[in-house]
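Beneath this line is the structure, given in structure tokens, with notes to follow.
Residue numbers begin at 1 in each chain, while the letters A, B, ... track the order of the sequences. Note: hydrogens, waters and symmetry copies are ignored here, and every other heavy atom, side chains too, is used.
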Amino acid sequence: MSKNLVIVESPAKAKTIEGYLGKDFVVKSSYGHIRDLSKGNESVNVEDGFEPNYVVSDDKKQLVKELKQAAKKAEIVWLATDEDREGEAISWHLAETLQLKPEATKRIVFSEITKKAILKAIERPRDVDVNLVNAQQARRILDRLVGFDLSPVLWRKIKPGLSAGRVQSVAVRIIVEREREITLFKPKADFRVVGEFVADKMGVKAPLNKRFGTEEEATAFVNECIGAVHTVDSIETKPTSRKPTAPFTTSTLQQEASRKLGFSVSRTMRVAQSLYESGLITYMRTDSTNLSDDAIEQAKNFITSAFGDHYSNPQQYRGKKAKGAQEAHEAIRPSDLTQNATTGERDQVRLYDLIWKRAISSQMANAKLENTTAVISVSTRPEAFMAKGQVITFDGFLKVYLEGNDDDEDKDKDKDNRLPAMTIGQELPRKTIVATERFSKHAPRFTEASLVKRLEELGIGRPSTYAPTISTVQKRGYVEKGDRDGTPRNFQLITLEKETVSISTETENTGVERSKLFPTDIGIVVNDFLMQHFDQIMDFNFTADVEANST
DNA sequence: CAGTGAGCGAGCTTCCGCTTGACTT
């Protein structure tokens, strides 16, 4: 029989690690938590120091029995659950439930699944960290008390089957408040002027450096451009650069799969899970952007041989951690970075492609660009047109990957857009000057993925709960994902062409929404009720502090 | 006399966070 039993949280991880450790080690999985608070009111004794009552859940009874037997046969049990608050608690629950002997029990941690990291962890065992376990218990107990005290109030006052909780109720609040903001929003119009000139036989479009608040001012400007001479006053070229983005965490993967592939957050997680179980990617529930040394080295070799030395820029992404991040795992990356594609189901192929590109590009050089601004004057007015061009002088990471953008107007930000040749003092023939009435836009409604982003910024929820939280608020009927057709809106166009000014009214479609989150009537009623009577629990900081203070 | 409807009581719902399958649709 084996001398050593190692217990980890995930069975896929167990399989990998067993391969690293050899025949003296058996590696088993706890499949997450093995115990939880009991179901009823006796689960927390509020009268007696909030004493929790834990039970092994029915679907874990068989597993606990097996682990107990395995532990009995082993000389040493290694508790190798994740290096975070929940992982520490799982180790403690295992020690209690399996009745492990302290002298034959060791706690080890590692945040990457490489042979080197595992062997190093085995050399440096420690004890279970009681403070971290207590932090987890406080978090668990508080979530139970909040959820199970508030929800019944909603059953009595509003409707049976409703729910409230530290995380979900704040998620609903965010959606409701954004909707109110949008309802109250009054669009403001201004006039933006664009001139089109001819240089080197090419058309150059250049926006004016001033916007006009009223149609009168805009019309006056366009009128005064009749017969004006347009001269190139200055040309300035500035080098800039763009940095690649960090490899994926759960939340950035969900956002990018939503933008680029149109996936819901649950679809992203389902597909990522299947890639993980096939051994193709690292763990998909993580808040860390760290890469293992092995992965960085592998990326460096791949990039150097595929694109050349100057495309490689090995680096670790630190410093912009999400609030409350615990970094028990690596970033999400391909297990083998030299494998640039996978086969199989279409969703898996596409998500793998995204993960590979993001990980590889994170280890590539900055892109170098040159931004050129030509100032084109108007002889009759003090304002000037600003023609902007951009040339990519070295593509760097852009060769592989460019992060998506939530804002449609920024779409061309990274395109090559070269200005035609011009010289200072040159007079440019003018084709047209057009002043267009533009309306300001309200803050966008949330998508599933942008709500996850917001929750993460606020430090609310964890990688394993973003997708379930999004589905809970929809299942309860607080929030609906839906589309809205736009409504037509008129706007004015003032055009100067061939020294003649014309004014026309055009129509645009505004307010089109696709796959956005809308609060329902019941969502609004529940939110307002909770805000009125339990405002402390609805506070963003309260709910985030529960997570932050316990680490 | 049998079926109907009003009224009453009992039992249920619910949290967050860690993991996969085992179930339907």
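The number of heavy-atom neighbours closer than 6.0 Å to CZ of Phe50(A), taken from other residues, nucleotides and ligands shown, is 12 or below.
Residue Arg285(A) has a polar side-chain atom (N or O) positioned under 4.0 Å from OP1 or OP2 of dT20(B). Contact between the side-chain N/O atoms of Lys39(A) and the OP1/OP2 oxygens of dT13(B) is found at a separation under 4.0 Å. For Gln136(A), no side-chain nitrogen or oxygen approaches OP1 or OP2 of dG17(B) to under 4.0 Å. Contact check, Arg144(A) against dT14(B): no side-chain N or O comes under 4.0 Å of OP1 or OP2.
Rounded to whole Å, atom P of dT20(B) lies 9 Å from atom CD of Glu9(A). Between the P atom of dC18(B) and the CD atom of Gln137(A) lies a distance of 15 Å, rounded to the nearest Å. Going from atom CE of Met269(A) over to atom C1' of dT19(B) covers 12 Å, rounded to whole Å. In this entry the distance linking NZ of Lys13(A) with P of dT19(B) reads 8 Å, nearest Å. The CD1-P distance, from Ile522(A) to dT13(B), rounds to 19 Å in whole Å. For the pair Lys157(A) NZ and dT14(B) P, the computed distance is 21 Å after rounding to whole Å. If you take CG of Leu37(A) and P of dG17(B), they are 14 Å apart, rounded to a whole angstrom. Straight-line distance from the CG atom of Asp36(A) to the C1' atom of dC15(B): 10 Å, rounded to whole Å.
The cationic atom of Arg476(A) (NZ for Lys, CZ for Arg) does not lie both less than 6.0 Å from the six-membered ring centre of Tyr478(A) and within 45° of the ring axis.
Within 3.5 Å, a donor on the side chain of Arg140(A) pairs with an acceptor on the base of dC15(B), or the reverse. The base of dC16(B) sits with one of its N or O atoms less than 3.5 Å from a complementary donor or acceptor on the side chain of Arg139(A).
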Q: Go through the steps for Glu456(A) and Ser251(A) under the test side chain to side chain donor-acceptor pair (under 3.5 Å), then give the verdict.
A: CA-CA 7 Å; Glu456(A) 187 188 41; Ser251(A) 114; 2.6 Å; yes
(Q) Pair Val109(A), Arg126(A) - check side-chain contact (heavy atoms from CB on, under 4.5 Å), show working. (A) CA-CA 9 Å; Val109(A) 294; Arg126(A) 59 170 173 82; 3.6 Å; yes
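Each of dC16(B), dT19(B), dT13(B) was ranked by its minimum atom distance to the side chain of Val167(A); first place goes to dC16(B). Side-chain proximity of Met284(A) to the nucleotides dT20(B), dG17(B), dC15(B) is greatest for dT20(B). Among dC16(B), dT20(B), dT14(B), the nucleotide with an atom closest to any side-chain atom of Ser10(A) is dT20(B). In the set dT14(B), dT20(B), dG17(B), the nucleotide with an atom closest to the side chain of Glu277(A) is dT20(B). Nearest to the side-chain atoms of Tyr31(A) among the listed nucleotides dG17(B), dG21(B), dC15(B) stands dG21(B). Among the nucleotides dT20(B), dT14(B), dT19(B), the one closest to any side-chain atom of Asp82(A) is dT19(B).
Across all strands, Ala89(A) comes closer than 4.0 Å to no nucleic acid atom at all (heavy-atom distances). Backbone-only engagement by Tyr283(A) is indicated by non-hydrogen atom pairs under 4.0 Å involving sugar-phosphate atoms exclusively. Arg476(A) comes within 4.0 angstrom of the backbone, heavy atoms only, and of no base. Residue Pro468(A) is classed as having no contact, given no heavy-atom separation below 4.0 Å to the nucleic acid. When heavy atoms are screened at a 4.0 angstrom cut-off, Leu162(A) is found touching the sugar-phosphate backbone but no base atom.
Both Lys60(A) and Asp143(A) lie close to DNA chain B; mapped to their nearest nucleotides by heavy-atom distance, the more 5′-ward contact belongs to Asp143(A). The 5' end of DNA chain B is approached more closely, in terms of each residue's nearest nucleotide, by Ser163(A) than by the other of Ser163(A) and Ser464(A).
With hydrogens and angles disregarded, no donor-acceptor distance shorter than 3.5 Å links the side chain of Glu9(A) to the backbone of Ser29(A). Side-chain atoms of Ser292(A) do not come within 3.5 Å of backbone N or O of Ile113(A) as any donor-acceptor pair.
Aromatic ring orientation, Trp78(A) versus Phe25(A): tilted (interplanar angle from 30° to 60°).
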